[in-house]
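Okay, structure first, notes after.
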Amino acid sequence: MNAKDFLRILAADFFTGVPDSLLKPFVGALMARYGRDPRHHVIAANEGNAAAIAAGYHLATGRVPVVYLQNSGEGNVVNPAASLLHRAVYGIPVLFVIGWRGEPGTKDEPQHMEQGKITLPLLDLLDIPHFIVGKETTAAELQAVMERFRAVFAQGGDAALVVSKGALTAEQLPSYCNAYPLRREDILRHILDAAGGDLIVATTGKASREIFELREARGEDHAHDFLTVGSMGHASSIALGLALAKPSRRVWCIDGDGAAILHMGAMAVIGQTHPQNLIHIVIDNEAHESVGGFPTAAGTMDLSAIARGCGYAEARSATDAATLGSALQALRTAAGPVFLAVKSAIGAREDLGRPTRTPEENKRAFMAEASRTVSG
């Protein structure tokens, strides 16, 4: 189904959510129609944030908002869905549009397969009726489903459209870029050089894929790198737990702007616990690049100022190779927690692959390296 037809049939005028690769045609249609006009479209920090924004919109207008997300974000929706939106509480109607990664019977990455199996059962548990939008779904079928859902909304209930891979199409998807000169892969080369034998926790998405391929190209092993393939937004918390338990090892967290914003409260906890061996780097291209390049809120933020406000011992910014190099030299030996925001171009190599080791193999090798005693 064409995403423009899909959008028309929903007949809504307010949308908020977190972009998803399966929903690229839909989010692209939203961007074409509304851009980031906050009266109609808000790209949220996380899915729970989106549900709450939607609730506020309904309270102000009485109309039914749309919340879009990848199914990996269902967990972030559970609390507001059960304790705010549910008809047994406030009865605030919301239509969820959910990209179904890891749909049973399809091939996908390991981090998506378990989530795919529990996508529909979670909706059942939350008392949210749902309809699967597949490649063969017609406009007439969707129209009929929306008529049924409107009866649910009238009773203060929520409903969901679960979108299969390839179900939505678009004639042309938007392309995003920025003016920053540094490519993420080049930034990662500088970081790997500076980190040496230290431990690294990398966020989900293309950063982890690029680190894996850089290690391969350099003839280095992968034991120093924990590549977080799922749980977007939690890499800095994983790094914090590691740093607190291993005070003799320096720990680097390589984060993304979308991921850091998703669960920004982690920065407050890092500042409060104050691990002296933690270096937190956010590679900031102001985009959700791995799911289409749609913009994050980072373009209007000063992430380094936020880190300082959270209690990091030092926070810096870099926009070019010279400032990146000097910042890495200063921070690699500084007492932490320290923070660095590096502005990056949007884009990756066309031939960028994926790690050839399983998450379990990555974990075992990393734990063996983390347990090793390092002198000096």
Side-chain angles (χ1 to χ4, degrees), residues 16-24 26-27 44-52 54-55 66-89 92-137 142 145 148-149 152 157-168 203-205 208 226-235 237-238 258-259 262-263 288 290-291 354-355 358-363:
T16 180
V18 179
D20 165 45
S21 56
L22 299 194
L23 300 180
K24 276 194 288 188
F26 172 63
V27 182
N46 61 54
E47 297 81 4
N49 172 226
V66 174
V67 170
Y68 60 86
L69 64 147
Q70 184 181 127
N71 56 339
S72 62
E74 272 187 302
N76 290 330
V77 167
V78 168
N79 178 270
S83 64
L84 173 65
L85 307 179
H86 199 279
R87 71 182 82 199
V89 190
I92 296 174
V94 167
L95 174 64
F96 292 99
V97 176
I98 303 172
W100 198 1
R101 294 297 301 267
E103 179 179 354
T106 65
K107 184 179 180 181
D108 212 323
E109 299 302 310
Q111 67 270 25
H112 296 301
M113 297 310 296
E114 189 61 31
Q115 185 71 51
K117 284 190 289 186
I118 65 172
T119 294
L120 301 185
L122 265 178
L123 293 172
D124 290 334
L125 198 61
L126 291 166
D127 191 28
I128 298 177
H130 46 80
F131 175 79
I132 298 169
V133 180
K135 291 182 180 180
E136 306 304 318
T137 301
L142 185 59
V145 168
R148 295 202 303 272
F149 282 175
V152 174
D158 305 311
L161 296 173
V162 181
V163 180
S164 295
K165 185 176 182 179
L168 297 180
T203 187
T204 188
S208 283
F226 184 81
L227 306 179
T228 314
V229 295
S231 62
M232 180 178 164
H234 291 300
S237 296
I238 296 169
L262 195 73
H263 293 295
H288 287 288
S290 293
V291 292
R354 295 182 181 274
T358 67
E360 176 69 22
E361 289 171 333
N362 177 213
K363 183 195 78 168

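Residue indices begin at 1 and follow the sequence shown.
Checking side-chain atoms of W100 against main-chain N and O of G116 turns up a donor-acceptor pair under 3.5 Å. Side-chain atoms of S208 come within 3.5 Å of backbone N or O of T203 as a donor-acceptor pair. Looking at D158, its side chain never comes within 3.5 Å of a backbone N or O of A81 through a donor-acceptor pair.
Taking CZ of F226 as the start and CD1 of I238 as the end, the distance is 5.0 Å to the nearest 0.5 Å. Taking CG of L262 as the start and CG of N76 as the end, the distance is 6.0 Å to the nearest 0.5 Å. The CD1 atom of I98 sits 7.0 Å away from atom CD1 of I128, with the distance rounded to the nearest 0.5 Å. Here the OG1 atom belonging to T119 is positioned 11.0 Å from the CG atom belonging to D124, to the nearest 0.5 angstrom. In this structure, CG on L95 lies 5.0 Å from CG on L161, to the nearest 0.5 angstrom. To the nearest 0.5 Å, the span separating CD on Q115 from CG on N71 amounts to 5.0 Å.
Contact of the E47 side chain with the V67 side chain is not registered, since no non-hydrogen atoms from C-beta on lie closer than 4.5 Å. Contact annotation: the side chain of R87 approaches that of D127 to within less than 4.5 Å [non-hydrogen atoms, C-beta and beyond]. Taking 4.5 Å as the limit, some side-chain heavy atom of F131 sits within range of a side-chain heavy atom of T137. Contact annotation: the side chain of I92 approaches that of L85 to within less than 4.5 Å [non-hydrogen atoms, C-beta and beyond].
Partners of R148 by salt bridge (Lys or Arg N to Asp or Glu O under 4.0 Å), not counting sequence neighbours: none found. Not counting sequence neighbours, the partners of K117 by the salt bridge (Lys or Arg N to Asp or Glu O under 4.0 Å) test are E114. Listed by chain and number, the residues in a ring-ring contact (aromatic ring centres under 6.0 Å, His included) with H263 are H234 (sequence neighbours excluded).
Minimum heavy-atom separation, S290 to G205: OG-CA, 3.6 Å. Scanning both residues, T16 and A50, for their nearest heavy atoms gives CG2-O, 3.3 Å. Between V89 and S83 the shortest heavy-atom distance is CG1-O, 3.4 Å. For the residue pair L126 and A82, the shortest heavy atom distance occurs at CD2-CB, 4.1 Å. When all heavy atoms of R101 and S21 are compared, the closest pair comes out as NH1-OG, 3.1 Å. Scanning both residues, S231 and T228, for their nearest heavy atoms gives OG-CG2, 3.6 Å.
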Can S164 and E103 be said to form a side chain to side chain donor-acceptor pair (under 3.5 Å), step by step? CA-CA 7 Å; S164 295; E103 179 179 354; 3.0 Å; yes
I would like to know whether I132 and L120 meet side chain to side chain contact (heavy atoms under 4.5 Å, CB included); could you show each step before the answer? CA-CA 9 Å; I132 298 169; L120 301 185; 4.0 Å; yes
Could you walk me through whether L123 and E74 pass the side chain to side chain contact (heavy atoms under 4.5 Å, CB included) check? CA-CA 9 Å; L123 293 172; E74 272 187 302; 3.4 Å; yes
Report the C-alpha separation of H288 and D20 in whole Å, then their side-chain angles, then the decisive distance to 0.1 Å, and conclude whether the side chain to side chain donor-acceptor pair (under 3.5 Å) test is met. CA-CA 9 Å; H288 287 288; D20 165 45; over 6 Å; no
The test is side chain to side chain contact (heavy atoms under 4.5 Å, CB included); show your working for V97 and V66 and say whether it passes. CA-CA 7 Å; V97 176; V66 174; 3.7 Å; yes
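A 6.0 Å sphere centred on CD of E360 holds more than 12 heavy atoms belonging to other residues, nucleotides or ligands.
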